[in-house]
Amino acid sequence: MWMGTTESPSVDLSSYRDQHFKGSRAEQERLLKTSCTMYVGNLSFYTTEEQIYELFSKCGDIKRIIMGLDKFKKTPCGFCFVEYYTREDAENCMRYINATRLDDRIVRTDWDAGFIEGRQYGRGKSGGQVRDEYRADFDGGRGGYGKIMQPKFTPDALPR
């Protein structure tokens with residue numbers, strides 16, 4: 001029996017839309033409904049591409065994984081894109097992997113309209129993800145405290 005998205009809420013589109021999408025809202029919706037690309041968020045900064053491959057390949061053959069990187073340091077910053085060969089495999093990812101644990105973190109998967117070069121870099125002012133800049137708690141898996149909790153450097157603070 002064919003499981004369309006109307007019969008399986010776990011594969012329906014979320015309400016999130018990439019505000020940086022280059023194109024019309026209708027084009028974005030069309031791409032999201034046919035995409036084989038997943039956005040994966042809430043990854044540990046220490047999760048490897050191999051760990052992602054091991055988990056996500058349980059849903060189908062992976063075409064490629066693009067790790068999210070801090071745009072200045074070029075280090076992992078907690079997200080990636082996983083591209084499958086078929087929509088069916090990507091739907092299985094939404095059904096079975098979304099909200100599961102990877103590297104001691106609950107990962108979030110969502111549909112992506114398709115990876116475009118440059119989107120692998122964090123969009124935050126400091127180079128990472130925007131939401132990490134506003135975090136006030138300590139999260140070792142995401143690099144420590146958020147940027148708002150880090151002390152501001154001033155030359156006056158240096159010992160004389």
Side-chain angles (χ1 to χ4, degrees), residues 3 5 8-23 28 30-150:
M3 288 287 288
T5 56
S8 183
S10 61
V11 300
D12 286 345
L13 300 181
S14 73
S15 59
Y16 174 79
R17 296 296 176 269
D18 180 4
Q19 300 303 308
H20 296 270
F21 179 79
K22 305 280 191 260
Q28 185 178 32
R30 185 188 67 72
L31 289 170
L32 287 169
K33 289 176 183 172
T34 59
S35 178
C36 299
T37 303
M38 310 306 301
Y39 169 87
V40 182
N42 201 39
L43 292 172
S44 166
F45 286 13
Y46 307 103
T47 299
T48 65
E49 189 172 331
E50 290 77 19
Q51 288 172 288
I52 293 164
Y53 185 86
E54 184 178 338
L55 176 62
F56 284 78
S57 65
K58 293 180 187 314
C59 292
D61 292 333
I62 294 174
K63 188 173 187 177
R64 65 181 173 159
I65 295 172
I66 300 106
M67 296 298 289
L69 301 173
D70 182 295
K71 69 181 161 197
F72 303 122
K73 297 186 268 184
K74 305 299 188 259
T75 56
C77 67
F79 73 97
C80 74
F81 298 92
V82 176
E83 188 177 344
Y84 288 95
Y85 285 99
T86 69
R87 176 72 178 196
E88 182 180 7
D89 292 345
E91 287 179 0
N92 283 333
C93 173
M94 284 294 285
R95 281 186 192 99
Y96 304 121
I97 294 180
N98 188 36
T100 62
R101 191 173 295 276
L102 175 62
D103 210 9
D104 266 343
R105 301 188 66 80
I106 303 297
V107 296
R108 183 178 58 85
T109 62
D110 204 354
W111 294 107
D112 188 79
F115 177 76
I116 295 169
E117 185 59 38
R119 290 192 57 223
Q120 71 269 39
Y121 299 113
R123 295 176 178 169
K125 290 181 190 128
S126 64
Q129 288 189 278
V130 174
R131 77 177 353 151
D132 284 329
E133 296 184 347
Y134 296 100
R135 188 168 32 79
D137 59 321
F138 180 81
D139 188 341
R142 303 232 359 132
Y145 285 101
K147 293 293 178 193
I148 61 171
M149 297 301 291
Q150 292 179 356

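What's counted below: heavy atoms across the whole structure, side chains too, no hydrogens, waters or symmetry copies.
- Note that OH of Y84 and CD of E91 are 12.0 Å apart. Values are rounded to the nearest 0.5 Å.
- Listed here is the closest heavy atom pair of T86 and C36: C-SG, 3.4 Å.
- Considering all non-hydrogen atoms of both residues, L32 and A113 come closest at CD2-N, 3.5 Å.
- Between the CD1 atom of I116 and the CZ atom of F21 there is a distance of 7.0 Å, given to the nearest 0.5 Å.
- Here the closest heavy-atom approach between residue T109 and residue M94 is recorded as OG1-SD, 3.3 Å.
- The salt bridge (charged side-chain N to carboxylate O under 4.0 Å, His left out) analysis of residues 41-67, with sequence neighbours excluded, yields the pairs K63-E83, R64-E83.
- Here the closest non-hydrogen pair linking C59 and I97 is SG-CD1, 3.5 Å.
- Without hydrogens or angle criteria, R119 side chain to G114 main chain gives a donor-acceptor distance under 3.5 Å.
- Side chains of N42 and R108: a donor-acceptor N/O pair is absent below 3.5 angstrom, by distance only.
- Here the closest heavy-atom approach between residue R95 and residue V11 is recorded as CG-CG1, 3.7 Å.
- With sequence neighbours excluded, no residue forms a salt bridge (Lys or Arg N to Asp or Glu O under 4.0 Å) with D89.
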| request: Assess whether side-chain contact (heavy atoms from CB on, under 4.5 Å) is satisfied between F56 and V40, documenting all intermediate values. | output: CA-CA 10 Å; F56 284 78; V40 182; 3.7 Å; yes
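- Taking CD1 of I52 as the reference point, atom CG of L43 lies at 5.0 Å (rounded to 0.5 Å).
- To the nearest 0.5 Å, the span separating OH on Y46 from OG1 on T75 amounts to 9.5 Å.
- Annotation for Y96: atom OH does not count as buried by contact number, only 12 or fewer foreign heavy atoms lying within 6.0 Å.
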| Are M38 and W111 close enough, and set up right, to give a side-chain contact (heavy atoms from CB on, under 4.5 Å), and what steps lead you there? | CA-CA 5 Å; M38 310 306 301; W111 294 107; 3.6 Å; yes
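- In this structure, D112 CG and L31 CG are separated by 9.5 Å, a value rounded to the nearest 0.5 Å.
- Q120 and F79 get closest at one heavy-atom pair: O-CZ, 3.4 Å.
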